[in-house]
Undergrad: 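This is the structure, below, for whatever I ask next.
FYI, side chains are in, hydrogens and waters are out, and symmetry mates aren't considered; it's all heavy atoms of this structure. In what follows, chains carry the letters A, B, and so on, assigned in the order in which the sequence lines appear, proteins first and then strands, with residues in each chain numbered from 1.
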Amino acid sequence: MSIKVLNPNAEVLNKSHALHMNINAAKGLQDVLKTNLGPKGTIKMLVGGAGDIKLTKDGNILLKEMQIQSPTAIMIARTAVAQDDTSGDGTTSTVIFIGELMKQSERYIDEGMHPRVLVDGFEIAKRATLVFLEKFKTLVVMGDEPDKEILKMVARTTLRTKLYEALADQLTEIVVNGVLCIRKPEEPIDLFMVEIMHMRHKFDVDTRLIEGLVLDHGSRHPDMKRRAENCHILTCNVSLEYEKSEINAGFFYSSAEQRESMVAAERRSVDERIQKIIDLKDKVCAGNEDNFVIINQKGIDPPSLDILARAGIIALRRAKRRNMERLVLACGGEAVNSVDDLTPECLGWAGLVYEHVLGEEKYTFVENVKNPHSCTILIKGPNDHTIAQIKDAIRDGLRAVKNTIEDESVVLGAGAFEVAARQYLVNEVKKTVKGRAQLGVEAFADALLAIPKILAENSGLDTQDAIIELTINLFFTGRTRQGKCGWTQY
Amino acid sequence: MVGFSTQPYGIQSMLKDGHRHMSGLDEAVLKNIDACKQLSTITRTSLGPNGMNKMVINHLDKLFVTNDAATIVNELEVQHPAAKLLVLAGKAQQEEIGDGANLTVSFAGELLQNAEELIRMGLHPSEIIIGYTKAINKTIEILEELVEEGSQTMNVRDKDDVISRMRSAVASKQFGQEDILCPLIAEACIQVCPKNPVNFNVDNVRVAKLVGGALHDSVVVRGLVLKNDAVGTIKKAENAKVAVFVGGVDTTATETKGTVLIHNANQLENYAKTEEAKVEELIKAVADSGAKVIVSGAAVGEMALHFCERYKLMVLKISSKFELRRFCRTTGAVALLKLSQPSADDLGYVDSISVEEIGGARVTIVKNEQGGNSVSTLVLRGSTDSILDDLERAVDDGVNTYRAMCRDSRIVPGAAATEIELAKRLKEFSFKETGLDQYGIAKFAESFEMIPKTLAENAGLNAIEIISSLYAEHASGNTKVGIDLEEGVCKDASTVRIWDLHITKFFALKYAADAACTVLRVDQIIMAKPAGGPKPQQQGGMDED
């Protein structure tokens, strides 16, 4: 072969060999993911290089963690990742559909058909299917008051494919409420405003939604209150610690008194800033039992903490940047960058702020807020892999709910769409196509059946019986499912 | 890279070298079960008061002689992924309650062993899971019914009440010594129990291990025992006020680098004098405020020490931040950052503080009998370090049990009486079920027999006889009959006063069932090549602290 002349070490596969290798890769990947599909799919255990355990049923996670090497398989895995990026779910279906398409084509190619013709047929079928999808979908108008039931159905379908039933049903409520909480009219939903926090504690069914915020650190001073009600919250990004000057400065002194005064001078600017905060506290908390909480993005050094503690203020330092944004959305008020012109209007409000200590870890809960636009899903689980599993599922669930609200349409699930689409392709589209491309359309239509087939297989039903029954009844179940799996065709 | 043409079909071809992939019943599920079984056989022989000790040497060459399952599985560094799930369940139990880790691991192992039989019979794992889930829910219902009446409320300050609930937990770790240990632990716990017992903090009961003497010499100190000497020459103070400084007792320094500017010899002399005067002024201020003891969180300067001696102040150095906080809690002092005159509110108070020599080690004993004190220390004595370590673990379990009973004081009969009753009632429940679930439930019920069986075996009794006579007793309505291991007969657990906490059992069984179901749910394992670089062992070392 000519390339061998150019580079004797090169490996080459030609024509049907190359095609077969690709088909094999696609089929292999399908085999791996097949058992994941649907609520009755099985769990895979992934063991990382360091011996860490991950349990998952999510196709996307599996593809990410598996360290695939075969080039074709990587390509397919990327398609699946693209699917995940656009909709957050449906990766397993994508991979299975690709594998099935390849399997169907293999049959025709073995019979001597040119791949080119098949591709033409696939193209036609794809377009027709997308058109059919538009017709098939059920519109749900969200308006100001979204229909919770529809959202719950969508979320439940997604979650049940990732977790076991009882937990999935519980999370459904959490996920839907979480998205509705951060939803603002006329604005796209920003899922980052749902903070996901985890605690290794109790059982997975103790996972809950908190209307407010949970921060994964506590106050750093032993004398600060652990629990406070009716709190004014100052969200700020002000350094409350002594910072070294940029220039290389030094002090010169010749007596201990001089040194003392320099020590005092050093701290003066920090102390002044603290005093301003304390003044504000005195203003808003005068004459009532209210408490005052500072959540600072920058640091607060021990002397400042001490002053604040003495003034009865709870102070948290080094909050995460993303939490600053969420805090303002949750508690109201605004985040301040300077303490120069503090007014009571800058303050947020929370009914309850408390600290929860779990072994070495401290968590601060900011709860009972007014009219929150940010919330926290607090995941609990006895061990890390359970938590990771729930976290992945929640992420997908949130995306599913968001997509439904924004897309305002759903399609029937449980294989109903696939069977319907296939009937449409075979009965209507195929006739309009001339020539050998017809076979391509047919292959595409048959490949669609892979999803219901595997669903039936995983549930322990007889595949053939299920498909035949489905075709006769066409729609045998009315479960809804978030729409538009953007099938990318390979 | 493998040549294209030689590439085999399937998943193996797609993964990087060194990956291992196991799937299906034989390869994954049964192998997993086998690994878990192995693990539980290790822990099982340590179950109960007659459990045998294990000698574990970890990667740091540290020797552990213990029958505490949490420690054993922790130090074993289990590699097998499925067995690790069991270890995690044990750890979760240890973190949640602090006791019952052995029950969790052994019971989960037993559940899996029984699941294997079902799989070999032809049941699908998912059917077993459904059965097990139903069974655990029912178990929890039954467990609620078995709770001893009138135990919902208890006086957590009543020593006898506390001891009766704590005994079985401590006895399973230190059999024969529970009558010495329990009163000590109970006393220490009751001393520091806050007004609202739910807020009881395990951290407030400290353990000081001192080699020498014997267990009989162990005492409870209301206050702290610090394992270091006083800094100065004053070693004793009574009814003293205490000032605590976090930042150390020394001359102050600026954050910016300072340089002393000296033009001539005169100034040099003067500088030293001003320095001295300044320190003296500060120390005098402290002494004037009424304090007799100074506690420093950092270094104590030579000069400062000199003036402390002169003003007859006792100086202590506690370098651990947490230890210092505890000291503040004991004495009621407010930690001051810098050396300055403390206000009257900032001062703490101790009844006595003295340096004593116990078994060759110098320790500072801080005693405070007053109400504000919330720390107590159990001074454990024993002949070797391993014995002391094991005693400490028993004390930890006891203290954790106390915390658990503060939250939920309900008790169930111990000595395997509860398990047999659960087994009996679950079996009845399984007969009512139709469908394949009943096999799972029946096996779940059977798994409970493991506990009396193991208890009897460990005590050298005939397990079969014991179990059959237990069943006979329970069938005739004596629901509280358990095994008396000392005499080897069945007795009413309420008469021999062996009680287990409901909450410990609840969490242990739930975690065990969860772990078993998780192992059964996995049908495929994909293992990456073990990463190079720092060995996982080193990570294990870091986890410890």
Undergrad: Just wondering, more than 12 heavy atoms not from B:His80 lying within 6.0 Å of its NE2?
TA: yes

Undergrad: Is atom CZ of B:Arg407 surrounded by more than 12 heavy atoms (other residues, nucleotides or ligands) closer than 6.0 Å?
TA: yes

Undergrad: Mind checking whether B:Leu88 and A:His385 have side chains closer than 4.5 Å, heavy atoms only?
TA: yes

Undergrad: Nearest 0.5 angstrom please: A:Leu55 CG to B:Leu85 CG, how far?
TA: 6.0 Å

Undergrad: Who among A:Asp384, A:Thr386, A:Asp306 has the most heavy-atom pairs with chain B under 4.5 Å?
TA: A:Asp306

Undergrad: Search all heavy atoms of B:Ala92 against all heavy atoms of A:Pro382 and return the closest pair with its distance.
TA: CB-O, 3.6 Å

Undergrad: Identify which of A:Val357, A:Asn383, A:Ile74 forms the greatest number of heavy-atom pairs closer than 4.5 Å to chain B.
TA: A:Asn383

Undergrad: Report which part of B:Thr518 has an atom under 4.5 Å of a heavy atom belonging to chain A: side chain, backbone, both, or neither.
TA: side chain

Undergrad: Tell me, side chain or backbone of B:Arg521 under 4.5 Å from chain A's heavy atoms, or both, or neither?
TA: both

Undergrad: With a 4.5 angstrom heavy-atom cut-off, is it the side chain or the backbone of B:Asp203 that approaches chain A, or both, or neither?
TA: neither

Undergrad: Side chain from CB out, backbone as N, CA, C, O: work out which of these in B:Glu275 comes under 4.5 Å of a heavy atom of chain A, or both, or neither.
TA: both

Undergrad: Got a second to check how far A:Met45's CE is from B:Lys84's NZ, nearest 0.5 Å?
TA: 10.0 Å

Undergrad: Can you tell which part of B:Ala335 gets under 4.5 Å to a heavy atom of chain A, answering side chain, backbone, both or neither?
TA: backbone

Undergrad: Tell me the closest heavy-atom pair linking B:Pro81 and A:Ile53, and the distance in Å.
TA: O-CD1, 3.1 Å

Undergrad: Does the distance from a Lys or Arg side-chain N to an Asp or Glu carboxylate O, for A:Arg310 and B:Asp346, drop under 4.0 Å?
TA: yes

Undergrad: By a 4.5 Å heavy-atom criterion (distance strictly below it), what part of B:Ile262 contacts chain A: side chain, backbone, both, or neither?
TA: neither

